[in-house]
Amino acid sequence: MIPRKPSRNQSRSQSRSQSEKQTKAYFTDPMALLERLNLTPKEMFFSPEAVEEFRFKVPKAYVNKIQPGKPNDPLLLQVFPVQQELESVPGYIKDPLAEADSLYQPGLLQKYDGRALLLVTPGCAINCRYCFRRHFSYANKSPYDDKGHLWEQLKKNIQLIKQDSTLTEIILSGGDPLSLSDARFAELITLLESVPHLKRLRIHSRFPIVEPERISDELLDILLNSRFQIIMVLHINHAQEIGPDSKAGIEKLRKKQIILLNQSVLLKGVNDNVGILTQLSEKLIENHIIPYYLHMLDHVQGSAHFEVSDSDAIQIHQQLRAVLPGYMLPRLVREVAGEKSKLPVSD
Ligand SMILES: *Cc1c(COP(=O)(O)O)cnc(C)c1O
Ligand code: SF4
């Protein structure tokens with residue numbers, strides 16, 4: 001077991017990740033998005049202060065799936081910075097999972113047996129307003145400064161993984177691991193492959209959905225050539241997010257024998273409805289993706305307006321269970337600091 005020493009010395013480098021520098025495929029100005037969608041700041045309850053708290057970033061490929069002129073579009077609600085984010089709500093705190101304490105050094109986090117999270121980049125393809133990482137000091141910054149400082153950190157982390165033979169699976173999460181350039185990503189996999197006790201690599205990513213172009217032939221080759229069994233956990237909250245472009249990206253992954261799972265977050269106004277979740281599960285299975293988790297919202301400051309109560313969540317989940325085959329039913333779970341796994345939410 002990896003020891004858990006608290007440490008707060010995160011990387012503070014300002015530089016952006018490779019892929020972010022190379023692509024201009026993002027909306028980074030909320031006003032430009034509103035113009036594109038034919039909506040006004042007022043009807044959207046736009047808050048510039050919320051953007052200062054957590055940067056606005058949405059890939060164009062995702063924007064294409066938002067319906068213009070519809071303030072409550074379920075995709076738009078996930079990404080648009082609103083005044084409600086500034087309200088302080090009791091119980092909603094900056095680090096609800098107490099990760100700052102379990103992060104005994106930057107970039108490696110083990111809470112559960114046999115598997116550890118390796119944070120390789122703070123960059124994401126999209127900034128989801130409800131994200132529990134919105135207040136992390138590395139949330140908007142690349143760990144890769146000009147001297148490659150955190151790359152050294154990563155090598156240290158891999159040394160630690162080497163020393164713990166109980167670990168069989170590494171989960172790349174964070175930040176979105178596919179924010180790394182192909183070259184960095186390949187280097188990372190090679191480093192991990194040098195650890196004999198590791199069998200599986202799990203990649204948590206929103207890229208195949210929000211920016212499917214990232215699923216390049218080079219990336220597929222890297223994944224295919226790895227000795228690891230690869231599991232990719234997508235993050236899709238609504239069937240509308242799976243457009244033809246995402247379907248194509250997903251199909252490429254599937255053809256490389258990658259196991260595809262999905263996790264969703266139960267979000268008020270977005271998917272807190274049995275019809276919407278049924279549609280999502282149907283569409284996931286159509287695309288050979290197994291619904292894995294339906295997460296309760298982490299109580300992170302600025303996200304309270306997305307909260308679905310336990311009783312509503314349980315009711316929705318029960319209704320879902322009544323209409324879906326078992327393999328299409330995601331597990332309703334919540335993350336509780338200090339627990340040995342995510343906990344089922346049930347009556
Ligand atoms: C969610 C999570 C995992 C993965 O949990 P599974 O139940 O295996 O999907 C592992 N480590 C941490 C720290 C997590 O938060
Ligand atoms: S992609 Fe995941 S890690 Fe990144 S902002 Fe969205 S929820 Fe958070």
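Atoms within a ligand are numbered from 1 in the order they appear, just like the ligands themselves. Position 1 is the first residue of the sequence; numbering continues from there.
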So, for K94 and V300, which heavy atoms are closest and what is the spacing to 0.1 Å?
O-CG2, 3.9 Å
Atom indices of ligand 1, in the order listed, that fall short of 4.0 Å to a heavy atom of Y292:
6 (P), 7 (O), 8 (O), 9 (O)
When only distance counts, is Y293 in polar contact with ligand 1, meaning an N/O pair under 3.5 Å?
yes
Polar atom proximity, R115 to ligand 1 (N or O, under 3.5 Å)
yes
Less than 4.0 Å between a side-chain N and a carboxylate O, is that true for [Y] and [X]?
X: R334; Y: D310; result: yes
X: E251; Y: K255; result: yes
X: E169; Y: R200; result: yes
X: R206; Y: E241; result: yes

Can E335 and H295 be counted as having a side-chain donor-acceptor contact under 3.5 angstrom?
no
Between E87 and Y92, a side-chain donor and acceptor under 3.5 Å:
no
Below 4.0 Å, non-hydrogen atoms only: which portion of [X] touches ligand 1? Side chain, backbone, both or neither.
X: V233; answer: neither
X: R202; answer: side chain
X: E335; answer: side chain

Quick one: does D221's side chain get under 4.5 Å of D182's, heavy atoms only?
no
Min side-chain heavy-atom separation I316-N273 under 4.5 Å:
no
Which atoms of the protein, restricted to N, O or S, are nearer than 2.8 Å to atom 6 (Fe) of ligand 2?
C128 SG
